[in-house]
Amino acid sequence: MTGVDDTDGETTSESLVSVLESLGVEYVFGYPGGRVIELLDDLPESNVDVVRPRDEREGSVMAEMYGRLHGKPAVLAGQGPWIGSLGVIGQMEARLASSPMVVLTEASERGDYSTLAPYQQSRGDYGGLSLPKILDGVTKEHWFPRTPTETVRSVQLAFKHATAGRSGPTAVILDGNAITDDVPSDPMPPVWKSKEQVRNWESKPTDGDVAKAKEALESAERPVIVAGNGVHSANAYDQLTDVAETYDAVVATSYLGKSTIPETHALAAGVIGSFGHEGANQVVSEADTLLVVGCRMNPMDTNWQASSFIRPAKQTIIHADIDTRNAGWVYPADAGLIGDAKESLRALANAGSAENDWARERAKKARESFFTEKCDSDASPIKPQRAVKEIEALVDEDTIVTADSGNNRFWLLNYLQTPGIRTYFGSGGVGGMGWSAPAAVSAALSTDKDVISVAGDGGFTMTMTSVEVAVEYGVAPTFVVLNDTSLGMVRQMQDEDGDIAGVEFHDTDFVKVAEGFGAEGTRATTPDELADALKRGKESNLPYVIDARIDREEDMAEQLQSSFYAEVGGLHE
């Protein structure tokens, strides 16, 4: 039986807080301003924790990381013009990384003044900004309710659609009296109880499609699974391992799929892509049957469509995805498994089995790409390869690593061999810089795990005020800054020094910055100093910033560019 929500006597903002509580929302990452103040005024008396970031960008990344890590939405709240500008960073990442998020913002209109030389008004009316148009470009769905009843129902639907099918960000724009007036005691249309209105159901593939996929895997001599972010989203780790072991298939991952299987597993091959592991890329190319699970196969993953990498005319391709549009989107698929990744993999594991003499030895050979002799270098400044191995030495199955965009993430994905599932998360949906630090704070706030953030000095500087947020809320991530005093990835694209403007940075003292925020910090210029600093960071009760001076002459693209990427001319994003 479906019940009607009891909102009698509540203001709209009070009713929204009741909705958040009934849905078990843990965190609102909110920056006070505009009509969101009404909501933030009512939250302190609730069971929902409010985290105030230092700006809307940091808040948006914190909310996105929470959704990605826990599979359910946190709330990003703030004033419309800033949620639609600074706060778009995390929403874009959430859209392309399939992270559930609910955005509660407002139009900053001022009643009868909204069409009179508007100041911050964002309704899209004459002369003003159009927040609806901005949000339409980045969210899965957005609502602009004009009455209290519409507002409550819209927030419920925002939570429903954030996790329906392929997860992503949704938004509700709060407006005028629709957030300040009381909700009618007998609204029409009725407002249903939130848990019932928000309920979703998992989908699973048809028996016929499962049978076709099973036959392809059983007849394969060189079966390979490409596991993507959809395995994270579905929490389908056990099922992924079951299918790999049942059909004796090698498992490679996309960048966002890293740590969907322990990279120490006997069937794990590493990460594919233009700056991925050469071993993993070669395994995928050698496969006669590919099972792609929860991966949309973007240009970075597919080596920019290099013709010798994935070959639909010579390989059988099975594509499992929650969204029917994704299956066969980039490469034609011979079979499609449409449904939740957990359901698709469970069905495959139960359908059949196979063995071969190829997979385990081939995966072992591929894993050699996790190491290069520079990983043992004692040089100073620190080789980035060695820096990653020092981080790896401290990472166990209960440690979360967040990676930023730029050279640092490619050093990490190549040389950090994750020992457990759900331990590595990176900015790779849209790939924005400045993601790692606020993501690490979010992970530290919402788990009891050790968290290590890794970023270049460019990305860290963008959101280093996240360190102060960690201090304020009593969590203690370790922030590793791989510092080459430059925008390293772009600098290394130069034909000769100085021919790209804006790539050099002055030398910032990140230790003083950390201490100024109330955190701890140290500079490391040798591998031993970095190892000691990482241990101190893990033991510290305060956020710990490590300014790790790396060798800026280690050319990432030159060393990590895959042979398939070179085949298409080494395109750049």
Side-chain angles (χ1 to χ4, degrees), residues 12-80 82-84 86-95 97 99-107 131 135 138-145 151-164 167-175 178-179 194-195 197-198 438-439 441-443 445-446 469 473:
T12 307
S13 62
E14 289 172 336
S15 185
L16 294 189
V17 171
S18 297
V19 169
L20 301 186
E21 286 189 303
S22 68
L23 296 178
V25 173
E26 292 186 278
Y27 290 99
V28 169
F29 297 93
Y31 205 95
R35 289 295 171 90
V36 166
I37 290 174
E38 279 86 358
L39 183 65
L40 295 178
D41 187 40
D42 290 321
L43 278 168
E45 288 75 42
S46 74
N47 296 324
V48 181
D49 289 330
V50 177
V51 176
R52 189 263 312 123
R54 294 307 297 224
D55 68 17
E56 291 81 358
R57 171 169 58 179
E58 289 180 8
S60 71
V61 172
M62 290 175 185
E64 188 270 325
M65 177 58 179
Y66 178 93
R68 198 191 301 195
L69 184 59
H70 297 283
K72 60 182 182 179
V75 171
L76 169 66
Q79 190 171 1
W82 324 125
I83 292 296
L86 292 168
V88 166
I89 297 293
Q91 294 175 69
M92 289 193 297
E93 183 69 24
R95 179 67 182 269
S99 304
M101 175 197 296
V102 171
V103 179
L104 299 182
T105 186
E106 51 81 69
L131 183 61
L135 295 178
V138 292
T139 60
K140 279 182 66 179
E141 302 285 349
H142 73 280
W143 291 262
F144 198 170
T151 300
V152 175
R153 283 186 55 82
S154 295
V155 171
Q156 291 175 331
L157 291 172
F159 277 92
K160 178 178 178 64
H161 285 276
T163 57
S167 296
T170 60
V172 178
I173 304 170
L174 307 173
D175 189 58
I179 184 64
S194 294
K195 283 189 177 180
Q197 182 72 73
V198 170
V441 174
S442 179
L445 280 165
S446 60
V469 179
Y473 290 92

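Each residue takes its place number in the sequence, starting with 1.
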NZ/K195: more than 12 non-hydrogen atoms of other groups inside 6.0 Å: no

Minimum heavy-atom distance between V36 and A77, given as atom pair plus value: CG1-CB, 3.9 Å

Spatial distance of atom CG (L445) from atom CG (L69) [nearest 0.5 Å]: 11.5 Å

Side chain to side chain donor-acceptor pair (under 3.5 Å) partners for E38, two or more places apart: none

Full working for side chain to side chain contact (heavy atoms under 4.5 Å, CB included) between F159 and V25: CA-CA 10 Å; F159 277 92; V25 173; 3.5 Å; yes

Rounded distance [0.5 Å steps], CZ in R153 versus OG in S194: 10.5 Å

Side chains of L157 and Q197 in contact at under 4.5 Å (non-hydrogen atoms): yes

Separation between CD of E14 and CG of D41, rounded to the nearest 0.5 Å: 9.0 Å

Exercise: identify the closest heavy-atom pair between T163 and P100: CG2-CB, 3.8 Å

Within-4.5 Å side-chain heavy-atom neighbours: M65 and P438: no

Partners passing side chain to side chain contact (heavy atoms under 4.5 Å, CB included) against S46 (at least two apart in sequence or in another chain): V17, E21, L43, V48

Nearest-0.5 Å distance, CD of residue Q79 to CG of residue L131: 10.5 Å

For S13, side chain to side chain donor-acceptor pair (under 3.5 Å) partners two or more places apart: T11, D42

Polar contact flag, side-chain donor to acceptor under 3.5 angstrom, Q91-S60: no

From CA spacing to verdict: side chain to side chain contact (heavy atoms under 4.5 Å, CB included), Y31, I83: CA-CA 9 Å; Y31 205 95; I83 292 296; over 6 Å; no

Heavy-atom closest pair, residues A439 and V61: N-CG1, 3.7 Å

Non-hydrogen side-chain atoms of F29 and V441 separated by less than 4.5 Å: no

Donor-acceptor contact below 3.5 Å, side chain E106 vs main chain G80: yes

Minimum heavy-atom distance between Y27 and V51, given as atom pair plus value: CD2-CG2, 3.7 Å

Where at least one partner belongs to residues 65-76, residue pairs that pass side-chain hydrogen bond (donor to acceptor under 3.5 Å, both in side chains), sequence neighbours excluded: E26-Y66, E64-R68, R68-E93, H70-S446

Whether T170 side chain and A158 backbone form a donor-acceptor pair below 3.5 Å: yes

Results of side chain to side chain contact (heavy atoms under 4.5 Å, CB included) for S154 - residues two or more places apart only: W143, P145, V172

Donor-acceptor contact below 3.5 Å, side chain T139 vs main chain P169: no

Side chain to side chain contact (heavy atoms under 4.5 Å, CB included) between L16 and I179, intermediate numbers included: CA-CA 9 Å; L16 294 189; I179 184 64; 3.7 Å; yes

Heavy-atom closest contact (M101 atom, G90 atom, distance): CE-O, 3.7 Å

E56 CD to I89 CD1 distance, which is reported to the nearest 0.5 Å: 12.0 Å

Minimum side-chain heavy-atom gap L174-T151 below 4.5 Å: yes

Counterpart residues, side chain to side chain donor-acceptor pair (under 3.5 Å), relative to R95 (two or more places apart): none

Where V102 and A162 come nearest, the two heavy atoms and their spacing: CG2-CB, 4.1 Å

Contact check, side chains of F144 and L135, non-hydrogen atoms, under 4.5 Å: no

